[in-house]
Enquirer: 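Below you will find the structure I want to go over with you.
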Amino acid sequence: MLRRALPARPEARRILIGTLLSAVGRGLTLPFLFIYLTDVRGLTDARAGLVIGWFGAVTLALSPLGGTLIDRFGARRVVLPCLVVEAVGTGSLALVDSTASAFGVMTLVAVGSSAIWAGQNTILASLTGDGERQRVFGLNFALLNLGIGVGGLISGAVVDVARPATFQAIYLLDAVSYLTPALILLTLPHVGRRPAATAAPEGGVTPVSGGYLTVLRDRPFRRLVVFGLVLTTCGYAQIEVGFAAYSVRVVEVTPRVVAWALAANTVMIVLSQLLVLRRLEGRSRTGALATVGAVFAGAWLVLGAAGVVGGGNAVLAALGVVACSAIFGFGETMLSPVMPALTNALATDELRGRYNAMSSMIFGISGVVGPVTAGPLIGAADGRVWVAVVVGGCLAASLLALSLRPLLTAAQDGRPTPAPESLPTAA
C-alpha cells in the first residue's frame with residue numbers, strides 16, 4: 001500500500017521527505033508555545049494568548065498575498081524565502097524575553113508561514129497527475145502527523161520549565177528542520193516554477209489572467225469553501241479549545257488524559273491513512289466529504305456521552321475522551337487527501353496558487369471563530385449547547401458536501417468516467 005501511495009516522480013518523493021523531516025521539528029515545539037511564553041518567559045496568560053492570536057491574524061491576512069505571489073512568480077520563488085524566514089523566526093523564539101519581543105518574533109514567524117502550506121500544495125499538485133494526486137496528499141498528511149508525533153515524544157522527554165535551555169534547544173532544532181525542505185527544493189532546480197503557459201516572452205513577467213474574483217466566481221469551489229468553513233469551525237477549530245475545555249471541565253478528566261487522546265489521534269492517522277486511501281480510490285469525493293462530517297459528528301457525540309458519565313466512572317469517561325479523538329482522526333484521514341485533491345482538480349494552472357491559498361485560509365478563519373465561540377458555548381447548560389452546535393454543524397457540512405456533487409464532473413468528483421458507447425457497425 002505504501003508503494004502504491006508513493007508518487008511516480010522522484011521529485012515528489014523528495015518533497016515528501018522534506019515534509020517528514022520538517023514535521024519532526026514542528027512536533028518538538030507544537031504543544032509547548034503557551035507554556036514556554038508563560039512558565040519560562042514570564043508572560044501572563046492573557047498576553048501569551050494575544051501573542052498566539054496575533055500570529056493567527058497575521059498569517060490569515062497575508063495568505064491571499066501569498067497565493068497571488070505564487071501564481072505570479074511560481075511557488076519556488078515564494079516557498080524558499082518563506083522557509084528561511086520561518087526558520088529565522090522559529091529560532092528567534094529561543095531569545096524571546098518580553099512581550100514586545102514575542103510579538104516581533106511571532107510576526108516574523110507568521111510572515112514565513114503565510115504562504116508555505118499553499119506553496120507546498122501547489123508544488124505537489126504540479127508534480128502529480130490527477131490519478132495519483134489524492135493518494136499523495138493523503139500520504140503527505142500521514143507523514144506530517146508521523147513527524148509531529150515523533151517530535152512530540154522527543155520533546156516531551158526533554159523539556160523542563162526549570163531549565164529554559166531545554167526549550168531554547170528545541171526551538172533551534174525546529175528552526176533547522178525548516179531548512180531541510182528548502183535544501184531539498186534547491187536540489188530540484190526545475191520544480192515549483194511558473195507554468196510555461198503563463199510565462200512571459202523573453203523572461204519578462206506578465207500579469208496572470210484573472211484573480212481572486214475569478215476564483216470566487218467558480219461556483220463549485222465557492223460551495224467547497226463554504227463546506228470547509230462549516231466543517232472546520234465545528235471540527236478542527238474545536239480541538240485546541242473546545243475539546244480540551246469540555247474534557248477537563250465537563251468530563252472531569254485530567255490534562256494527561258487529554259494528552260493521551262491527542263496521541264491516539266496521531267496513532268489512528270498514521271495506522272489507517274494508507275488503508276483509507278485504498279478505499280477512497282474510484283469513489284465520489286463529495287461522498288467522502290459528507291462521510292467526514294458524519295464521522296466528526298459521531299466523535300463529538302461520543303465526547304458528549306463521556307460528559308454524561310462524568311465523574312461517575314472515571315475510566316469510562318477517560319475512554320470516551322480518547323475514543324472521541326481517535327474517531328476524529330479517522331475522519332481526518334478522509335478529509336486530508338480529498339480536500340486538496342478536489343481543490344486542485346477545480347483549479348487552473350494559472351490560478352492554482354490562489355486556489356490553494358483560499359483553501360488554507362479556511363483553516364485560518366475557522367481557527368479564529370472556533371476558539372472564540374467555544375468558551376461561551378461550553379459554559380452554557382453544562383456543555384450540552386456546545387455539543388449540540390458542533391454536532392449539528394458537522395451534519396450541516398455533510399449536506400453541503402452532497403449538494404456539491406451535481407456541480408462537478410465525474411473526473412472532478414473522483415468517480416470513474418463512463419466509457420463512451422461504441423458506434424453501431426454497418427450491416
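What's counted below: heavy atoms across the whole structure, side chains too, no hydrogens, waters or symmetry copies.
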Enquirer: Check Met339 against Ile362 and note the closest heavy-atom contact, atom names and distance.
Expert: CE-CD1, 3.8 Å

Enquirer: I'd like to know if the side chain of Ser177 pairs up with that of Arg26 as donor and acceptor (distance under 3.5 Å, no hydrogens or angles considered).
Expert: no

Enquirer: Do Val226 and Leu400 come close enough that some side-chain heavy atom pair is under 4.5 Å?
Expert: yes

Enquirer: Can you tell me how far NE2 of His190 sits from OG of Ser126, rounded to the nearest 0.5 angstrom?
Expert: 13.5 Å

Enquirer: Just to verify, what does Phe137 make a ring-ring contact (aromatic ring centres under 6.0 Å, His included) with, not counting sequence neighbours?
Expert: none

Enquirer: Would you say that Cys324 contacts Trp300 through its side chain, given a criterion of any heavy-atom pair below 4.5 Å between the two side chains?
Expert: yes

Enquirer: Under a 3.5 Å cutoff, is there a donor and acceptor pairing between the side chains of Asn121 and Asn344?
Expert: no

Enquirer: Any donor-acceptor pair under 3.5 Å linking the side chain of Arg285 with the backbone of Val338?
Expert: no

Enquirer: Identify the two heavy atoms, one from Leu351 and one from Thr214, that lie closest to each other, and give their separation to 0.1 Å.
Expert: CD1-CG2, 3.8 Å

Enquirer: Nearest 0.5 Å please: distance from the CG atom of Leu20 over to the CD1 atom of Ile17.
Expert: 8.5 Å

Enquirer: In sequence, state the C-alpha distance, the side-chain angles, and the governing distance for Ile327 and Val295, and then conclude on side-chain contact (heavy atoms from CB on, under 4.5 Å).
Expert: CA-CA 7 Å; Ile327 294 169; Val295 171; 3.8 Å; yes

Enquirer: With the side chain counted from C-beta on, respond yes when Leu50 and Phe103 share a heavy-atom pair under 4.5 Å apart, and no when they do not.
Expert: yes

Enquirer: Looking at CG of Leu335 and CZ of Phe296, how far apart are the two atoms once the value is rounded to the nearest 0.5 Å?
Expert: 5.5 Å

Enquirer: Ile239 versus Leu262: any side-chain heavy-atom pair under 4.5 Å?
Expert: yes

Enquirer: Roughly how far, to the nearest 0.5 Å, is CG of Leu146 from CD1 of Ile269?
Expert: 11.0 Å

Enquirer: When you look at Phe328 and Phe243, which way does the ring pair (Phe, Tyr, Trp, His ring centres under 6.0 Å) test go after all the steps?
Expert: CA-CA 11 Å; Phe328 194 92; Phe243 169 74; 8.3 Å; no

Enquirer: Just by distance, no angles: are the side chains of Glu332 and Asn265 close enough, under 3.5 Å, to form a donor-acceptor pair?
Expert: yes

Enquirer: Any chance the side chains of Asn145 and Thr266 put a donor and an acceptor closer than 3.5 Å?
Expert: no

Enquirer: Between Asp71 and Arg354, does any NZ, NE, NH1 or NH2 come within less than 4.0 Å of an OD or OE carboxylate oxygen?
Expert: yes

Enquirer: Where is the tightest heavy-atom contact between Leu346 and Asp218, given as atom of each residue plus distance?
Expert: O-OD2, 3.9 Å

Enquirer: Within a strict 4.5 Å, meaning less than it, do heavy atoms of the Met361 and Leu60 side chains meet?
Expert: yes

Enquirer: For the residue pair Thr286 / Asp413, report whether a side-chain donor-acceptor contact shorter than 3.5 Å exists.
Expert: yes

Enquirer: So, Ser366 versus Thr233: side-chain donor-acceptor pair below 3.5 Å or not?
Expert: no

Enquirer: Got a second to check how far Leu65's CG is from Arg72's CZ, nearest 0.5 Å?
Expert: 10.5 Å

Enquirer: Which pair of heavy atoms, one from Ser247 and one from Leu303, lies closest together, and at what distance?
Expert: OG-CD1, 3.8 Å

Enquirer: Compare every heavy atom of Pro416 with every heavy atom of Gly282, then report the nearest pair and how far apart it is.
Expert: O-CD, 3.2 Å

Enquirer: Minimum heavy-atom separation for Ala357 and Ser63, please, with both atom names.
Expert: CB-O, 3.6 Å

Enquirer: Take atom CZ of Phe330 as the centre, draw a 6.0 Å sphere, and report whether it contains more than 12 heavy atoms from other residues, nucleotides or ligands.
Expert: no

Enquirer: Give a yes-or-no answer on whether the side chains of Thr187 and Arg14 include a donor-acceptor pair shorter than 3.5 Å.
Expert: yes

Enquirer: Can you establish whether the number of heavy atoms outside Arg219 located under 6.0 Å from its atom CZ is more than 12?
Expert: no

Enquirer: Taking Arg133 for the side chain and Ala341 for the main chain, is one N or O donor matched with an acceptor at less than 3.5 Å?
Expert: no

Enquirer: Looking just at side-chain N and O atoms, do Trp386 and Gln238 make a donor-acceptor pair shorter than 3.5 Å?
Expert: yes

